[in-house]
Every structure is written in C-alpha cells, then in structure tokens.
Amino acid sequence: MSTQEYKDRQFLAVIGDEDSVTGLLLAGIGHVTSPPDSQKNFLVVDNKTDNAAIEAAFERFTNERKDIGIILINQHIADRIRHVVDSYVKAFPTVLEIPSKDHPYDPEKDSVLRRVRRLFGE
Amino acid sequence: MSSPADNSPSIDDLLERYLTLLDEYTKLRASLTALQSTIYQDIARANFAAERGVRFGQDYYDARMQASRKVGIRLSESTPPQHPVFSVIACAESDEPASDVKAETETDAEIEADEDEKTPKQKKKKKPTNDPLRWFGGALSTPTPLRHAQSQAIQAVEDLVPRLATVSAAMAAVEVEVRRSRKRRAKAEAAAAREKEKEGERGMEREKEGVTQDEHDGGAVAVL
C-alpha cells in the first residue's frame with residue numbers, strides 16, 4: 001500500500017436523502033471545487049433521482065476523484081445500486097453504509113457483515 | 001500462537017482478532033445509528049418550528065462551500081496486518097489544520113465582538129466564516145435544534161465515522177491474512193499427505209525387497 005494511494009484523499013463524500021446530507025454538511029464536510037468544474041462531494045437523492053445518477057455519483061467518488069477518502073451512503077440508496085456497491089473492493093476510498101430517517105440500519109444488508117459471513121463460509 | 005518457521009500469526013489468532021474487531025464494529029454501528037436518529041429528530045424539530053414553507057435542506061446550501069473537516073489517512077504501526085487508519089480533523093479557514101473546534105468557535109466569537117469597533121474597510125478584509133449554520137440564517141437566528149443537530153453531526157463525523165472506517169479496513173486486512181493462512185495450511189496439508197504417501201510407497205518397496213531377500217536366502221539355505 002503506497003502513500004500515493006491515499007495522501008490526497010482529504011474529503012468525505014455523501015450520497016443520501018436530504019436530511020442525511022443536511023446533517024452531515026452541518027458538520028462541515030461539504031466541499032465544492034473551484035469553477036469551472038464546481039464538483040460537489042455530495043448527492044441529494046430523492047424519489048425522482050434515477051439509479052443511473054446514483055451509480056454515476058458513486059463511480060465519480062470512487063474512481064474519478066482522487067481526493068475522496070470516505071464515502072457515506074444511505075443503506076436504502078446503496079440497495080438501489082447494490083451490485084455496484086458489493087463489487088467495490090478498493091481500499092480507498094472506503095465506503096460506509098449509514099441509516100436514514102425512514103430506513104433503519106439493516107445488518108443483513110451491510111456489506112461489511114456480508115464479508116464476515118463469506119469469511120465464515122455461510 | 002506463532003509457528004516456529006515464520007512470525008505470521010495462526011488462523012485462530014487471526015480469527016480471534018477478527019471477532020474482536022467485529023464486536024467493535026457492531027458497537028460503533030449501534031452508536032452511529034443512535035446518534036443519527038438524534039440528528040434526524042433535531043432537523044425535523046427545526047423544520048417543524050420554522051416559518052411556513054421553510055425547510056432546512058438543499059435550497060439553503062452554499063454553492064461555494066468549503067470543507068472545514070477533512071480526512072486524514074495513515075498506515076497502522078501496531079499489530080500486523082497493516083491497515084489504513086482514518087481520522088477526521090477540523091481545519092482552520094486558511095486550510096491549515098486547527099487545534100480543535102473550540103478554538104474555531106472562540107475565533108468566531110471574537111470576530112463578532114470586534115465587529116462594531118472595526119471600520120468598514122477592515123470589515124471587507126475579513127473572510128466569511130465556513131460555519132454551515134450561516135446558510136440557514138446565521139448564528140443568531142438559527143434554531144436551537146439545528147445547532148444541536150450540528151454538534152451531534154460533528155461528533156458522528158469526527159469520532160464514529162473514522163473509527164468505523166478504520167475497523168472496517170482492519171477487518172478487511174485480517175480477512176486477507178486469514179485467506180492466505182488457510183491457503184498456506186491447505187498447501188502444507190497437501191504436501192504432508194504427499195510425503196506420507198511417498199513414505200508409504202517407500203515402506204512397501206522396502207518390505208517387498210525384504211521379502212525377496214528372504215526368499216533368496218531361504219532358497220540358498222535349501223540348496224545347502
């Protein structure tokens with residue numbers, strides 16, 4: 001694991017519903033890069049957001065951007081792109097699924113706990 | 001227990017460490033879930049108490065927001081296998097790491113107190129603060145539940161999230177090590193089985209040779 005892989009990864013990114021993103025942005029993690037790119041490190045997802053947009057944001061945060069260290073994603077949104085989240089194996093950025101207001105945390109769906117089951121051969 | 005041949009820990013040791021990490025992960029998960037539900041309640045309370053039509057959400061986000069809390073990553077130095085250790089630290093407005101959040105709050109308070117004494121020119125020089133509460137109406141008109149939500153969110157982001165990320169990374173590193181150890185063990189077992197088989201074959205050959213020799217000696221005795 002080389003230092004190059006993680007030394008510039010200084011931001012947290014969020015993919016979540018409005019309240020989840022608002023809560024986390026209140027903590028001061030929100031960042032918009034300078035124009036003309038003006039790339040945000042968050043995506044607010046509602047009922048109208050299609051899965052392709054969520055997948056594109058996940059792809060952008062995990063592969064294209066080299067300044068993201070941790071990605072927080074609502075578990076019910078991760079479910080919508082589960083195949084992409086579960087096939088993601090890179091160490092950086094790390095992906096954490098978090099509960100949302102309307103969807104409590106379900107350990108059965110957690111990708112870390114799925115890894116645990118795989119290790120013990122279930 | 002380490003094998004005498006190399007210093008790598010045994011599978012049992014690795015699994016024991018893995019279960020400890022899993023326990024920590026589960027506890028951190030429970031804490032994060034509890035903390036987040038408080039944040040959601042506070043945001044809901046703030047929205048409920050707000051003026052008609054006002055919702056504290058994306059309509060108020062600052063399009064030029066700059067992160068005041070950033071991720072720090074380093075590699076673990078303690079117990080192998082090596083894994084990344086995450087931290088989230090508050091940064092000063094000039095993009096330099098701040099000593100702590102309290103210092104930042106004090107600076108804000110001092111700036112506000114000095115505002116009246118300063119000339120308009122001096123005021124122009126002052127950089128706008130990064131505090132996200134300002135998007136929702138500034139420090140004075142922000143509802144208390146929103147401020148409470150902010151303090152809870154800071155706790156989640158500075159404490160629980162980096163710890164969860166670190167534990168998850170440590171678990172992934174142990175998983176790799178367990179799989180490697182299992183492969184090594186399977187190879188060693190296969191090699192031992194082959195060795196045993198060869199040993200058995202050699203033994204049988206020796207027995208056969210012994211029998212042939214006996215027959216030969218027996219024949220010689222008979223001739224005499």
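Letters A, B, ... are given to chains in the order of the sequence lines, protein chains preceding strands, and every chain is numbered from 1.
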Working to the nearest 0.5 Å, report the span between OG1 of T94(A) and CZ of F86(B).
5.0 Å
Under a 4.5 Å cutoff for heavy-atom pairs, which residue among V89(A), L96(A), N41(A) has the most contacts with chain B?
L96(A)
Applying a strict 4.5 Å limit to non-hydrogen atoms, the region of L146(B) in contact with chain A is both
Output the distance between atom CD1 (I98(A)) and atom CG (L35(B)), rounded to the nearest 0.5 Å.
11.0 Å
Would you sort out whether V44(A) and Y61(B) count as a side chain to side chain contact (heavy atoms under 4.5 Å, CB included), showing the intermediate values?
CA-CA 11 Å; V44(A) 177; Y61(B) 296 168; 4.1 Å; yes
Look up atom CE in M65(B) and atom CD1 in I29(A), then write down how far apart they are to the nearest 0.5 Å.
9.5 Å
Got a second to check how far T33(A)'s OG1 is from R64(B)'s CZ, nearest 0.5 Å?
14.0 Å
Taking every heavy atom of R115(A) against every heavy atom of A172(B), the minimum-distance pair comes out as NH2-N, 3.4 Å
Could you report the tightest heavy-atom contact between A27(A) and S68(B), atom names first, then the distance?
O-OG, 4.3 Å
Quick one: which residues of residues 12-25 of chain A reach chain B at under 4.5 angstrom, heavy atoms only?
L12(A), E18(A), D19(A), S20(A), V21(A), T22(A), G23(A), L24(A), L25(A)
Relative to chain A, which segment of Y18(B) carries a heavy atom at a distance below 4.5 Å: side chain, backbone, both, or neither?
side chain
Can you tell me which portion of R182(B) sits under 4.5 Å from chain A's heavy atoms? Options are side chain, backbone, both or neither.
side chain
Nearest heavy-atom neighbours spanning Y40(B) and S100(A):
CE1-C, 3.5 Å
Part of I43(B) lying under 4.5 Å from any heavy atom of chain A
side chain
Quick one: pull up CG in L119(A) and CE in M171(B) and give me the separation to the nearest 0.5 Å.
9.0 Å
As an exercise, state the distance from CG of L72(A) to CD of Q36(B), rounded to the nearest 0.5 Å.
8.0 Å
Could you check which of A149(B), S168(B), A44(B), P162(B) has the highest count of heavy-atom pairs closer than 4.5 Å to chain A?
S168(B)
Side chain, backbone, both or neither: which part of V167(B) has a heavy atom under 4.5 Å from chain A?
neither
Let me know if L19(B) has heavy atoms under 4.5 Å from chain A in its side chain, its backbone, both or neither.
side chain
Would you say the side chain of I68(A) lies within less than 4.5 Å of the side chain of V71(B), judging by non-hydrogen atoms?
no
Structural part of A156(B) lying under 4.5 Å from a heavy atom of chain A:
neither
Counting only heavy atoms closer than 4.5 Å, note whether S37(B) contacts chain A via side chain, backbone, both or neither.
neither
Check whether any side-chain heavy atom of D110(A) lies under 4.5 Å from a side-chain heavy atom of R29(B), and answer yes or no.
yes
Highest number of heavy-atom pairs under 4.5 Å with chain B among S38(A), G69(A), P35(A), P99(A) belongs to P99(A)
